[in-house]
Structure formats: C-alpha cells, structure tokens
Amino acid sequence: IEGYGSCEWGFADLILTTSDGSGVEANEEIRIYLESITFGAVSNAAIVARNGGKAFLYGDITITGNCQNFFSAFRNGEIYSFADSITLSGTRAFTTFANAELASFIHCDSTITGSATGTRYSVTGNSVINTYGAGATYFPGNVAGTTATGGQYL
C-alpha cells in the first residue's frame with residue numbers, strides 16, 4: 001500500500017506481505033490509518049513514513065514475517081503507534097526494528113511482546129524515537145540500539 005499527496009486512507013483487518021518493497025508507505029503529507037493488521041514477510045520495511053507522510057497504528061498488530069525494519073521514518077516522516085498490542089509470532093528477524101532519520105519521529109507506547117534478532121532501534125539526523133521512558137530494551141532485538149548526529153531516544 002503506497003500513498004502520496006494530501007489525503008487520508010484507512011485499512012483494517014488485513015494481512016500484508018510482499019516480496020518487492022514495503023508493506024505500507026505514507027509519502028508527501030498523506031495520512032494512513034492501520035487497525036488490526038497482520039504483517040507477514042516484507043522485503044523492505046513493514047511501515048514507512050517519509051517526506052511529511054504519517055502512519056497511525058491502532059488495535060492489535062501482529063508480525064508473522066521478517067523484514068528489514070518494522071518502523072522506518074525518514075525525511076520528516078512520522079509514525080504513531082497507538083496500537084493496543086504489537087505481537088511478534090515466533091522469533092522474527094529485522095535489520096533494525098525502529099529506524100528514524102533526517103528529522104523524523106516515531107511515537108510508540110504500545111505493549112510489545114515476542115522476540116527478534118537484529119538492532120532494536122537507530123535514530124539519527126535530528127530525529128526522535130519516543131517510547132515514553134520504556135527503556136533501551138523496549139523494542140525487540142538482540143543488538144543494542146544506537147543514536148547519532150542529534151538523534152534522541154526517549
């Protein structure tokens with residue numbers, strides 16, 4: 001699912017998989033609302049927000065497949081997870097679970113359960129990942145998260 005421009009889209013109760021690209025991409029001011037979505041295997045990122053695009057998560061999110069990043073925000077992209085839960089089925093593999101770069105924002109205060117391999121988070125280029133004080137091990141992974149060049153993990 002890839003959207004551009006000033007509009008709003010909403011999707012609920014879907015299973016998203018792809019062998020070529022990302023699961024959901026919010027580009028150029030679009031707002032994409034996702035509720036009770038299952039993310040299977042995705043070749044790039046499960047959720048991308050870039051160039052001012054915004055993605056919002058609600059309900060119960062399930063991750064049953066692997067991907068490079070679950071959250072990927074860059075170039076002023078914003079991701080807000082108001083999901084009740086994010087559940088990883090089995091041990092999932094990510095390059096980085098949450099990645100924010102180039103003045104972007106990821107807000108997540110959902111309950112996350114399950115295990116994964118890969119880096120927990122990366123935040124660079126004056127971006128912010130806000131977990132409301134949940135700590136450095138909040139996101140799943142077996143490698144510590146990193147911050148650089150003005151990035152902040154809260």
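The first residue in the sequence is number 1, and the count goes up from there.
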Side-chain donor-acceptor contacts of residues 147-154 below 3.5 Å, not counting sequence neighbours, with atom names and distances?
{"unit_1": "T149", "atom_1": "OG1", "unit_2": "G125", "atom_2": "N", "d": "2.9"}
{"unit_1": "Y153", "atom_1": "OH", "unit_2": "G135", "atom_2": "O", "d": "2.8"}

Open item on the list: Which residues pass the salt bridge (Lys or Arg N to Asp or Glu O under 4.0 Å) test with R75, not counting sequence neighbours?
Closed with: none
Task: Residue list, side chain to side chain contact (heavy atoms under 4.5 Å, CB included) with N76, at least two apart or on another chain - done: A103
Open item on the list: Donor-acceptor pair, distance only, cut-off 3.5 Å: does the side chain of S104 make one with the backbone of F74?
Closed with: yes
Task: Nearest heavy atoms of L88 and A116, plus distance in Å - done: CD2-CB, 3.9 Å
- [ ] Quick one: closest heavy-atom pair of C67 and N44, and the distance?
- [x] CB-O, 3.2 Å
TODO: Spell out, yes or no, whether I30 and L14 are grouped together once hydrophobic residues are joined by side-chain heavy atoms under 4.5 Å, including indirect joins.
DONE: yes
TODO: For residues G23 and L16, report the shortest heavy-atom separation together with the two atoms involved.
DONE: O-CD1, 4.2 Å
Open item on the list: To the nearest 0.5 Å, what is the distance between CZ on F105 and CD1 on I129?
Closed with: 10.0 Å
- [ ] For residues 120-146, pull every pair meeting side-chain hydrogen bond (donor to acceptor under 3.5 Å, both in side chains), keeping only residues two or more places apart or in separate chains.
- [x] H107-Y132
TODO: Fit a plane to each ring of W9 and F11, take the angle between them on a 0 to 90° scale, and name the class: parallel (under 30°), tilted (30 to 60°) or perpendicular (over 60°).
DONE: perpendicular
TODO: Considering non-hydrogen atoms only, spot the tightest contact between S43 and Q68 and give its length.
DONE: O-NE2, 3.4 Å
Open item on the list: If the condition is side chain to side chain contact (heavy atoms under 4.5 Å, CB included), which residues does T91 pass it with, not counting sequence neighbours?
Closed with: S115, T117
Task: Linked hydrophobic residues, V42 as query - side chain contacts closer than 4.5 Å - done: none
Task: Any pair counted as salt bridge (Lys or Arg N to Asp or Glu O under 4.0 Å), so long as it reaches residues 88-99, sequence neighbours left out - done: none
Task: Pairwise distance OG1(T96) to CG(N69) - rounded to 0.5 angstrom - done: 5.5 Å
Task: CD-CZ distance between E101 and R50, expressed to the nearest 0.5 angstrom - done: 11.5 Å
Task: Residues which pass side chain to side chain contact (heavy atoms under 4.5 Å, CB included) with D60, listed by chain and number, not counting sequence neighbours - done: D84, S85
Open item on the list: Is there a path of hydrophobic side-chain contacts, each under 4.5 Å between heavy atoms of I/L/V/M/F/W/Y residues, joining I63 to I79?
Closed with: yes
Task: Residues forming a ring-ring contact (aromatic ring centres under 6.0 Å, His included) with Y33, sequence neighbours excluded - done: F56
Open item on the list: According to side-chain hydrogen bond (donor to acceptor under 3.5 Å, both in side chains), who are the partners of S110, at least two apart in sequence or on a separate chain?
Closed with: S81
Open item on the list: With a 4.5 Å cut-off on side-chain heavy-atom distances among I, L, V, M, F, W and Y, is there a chain of contacts connecting F82 to I37?
Closed with: no
Task: From T87 atom OG1 to I112 atom CD1, the distance as rounded to the nearest 0.5 Å - done: 9.5 Å
Task: Any side-chain heavy-atom pair of V123 and V128 under 4.5 Å - done: no
TODO: Working to the nearest 0.5 Å, report the span between CD of E78 and NZ of K54.
DONE: 4.0 Å
- [ ] Over all heavy atoms of both residues, which pair between L34 and I32 is shortest? Give the atoms and the distance, please.
- [x] CD2-CG2, 3.9 Å
Open item on the list: Assigning hydrophobic clusters by single linkage (Ile, Leu, Val, Met, Phe, Trp, Tyr; side-chain heavy-atom cutoff under 4.5 Å), is F39 placed with I106?
Closed with: yes
Task: Close side-chain approach of V143 to F94, heavy-atom, < 4.5 Å - done: no
- [ ] Return each pair, listed once, that meets salt bridge (Lys or Arg N to Asp or Glu O under 4.0 Å) where at least one residue sits in residues 126-148; pairs must be two or more places apart or across chains.
- [x] none
Open item on the list: Is there a side-chain contact between F71 and F139 in this structure, where contact means two heavy atoms from C-beta onward sitting under 4.5 Å apart?
Closed with: yes
- [ ] Return the minimal non-hydrogen interatomic distance between A49 and A55, and the atom names on each side.
- [x] CB-N, 4.5 Å
Task: Within one Ile-Leu-Val-Met-Phe-Trp-Tyr cluster: Y80 and V24, side-chain cutoff 4.5 Å - done: no
Open item on the list: E35: which residues meet the side chain to side chain contact (heavy atoms under 4.5 Å, CB included) condition with it, sequence neighbours left out?
Closed with: A12, Y58
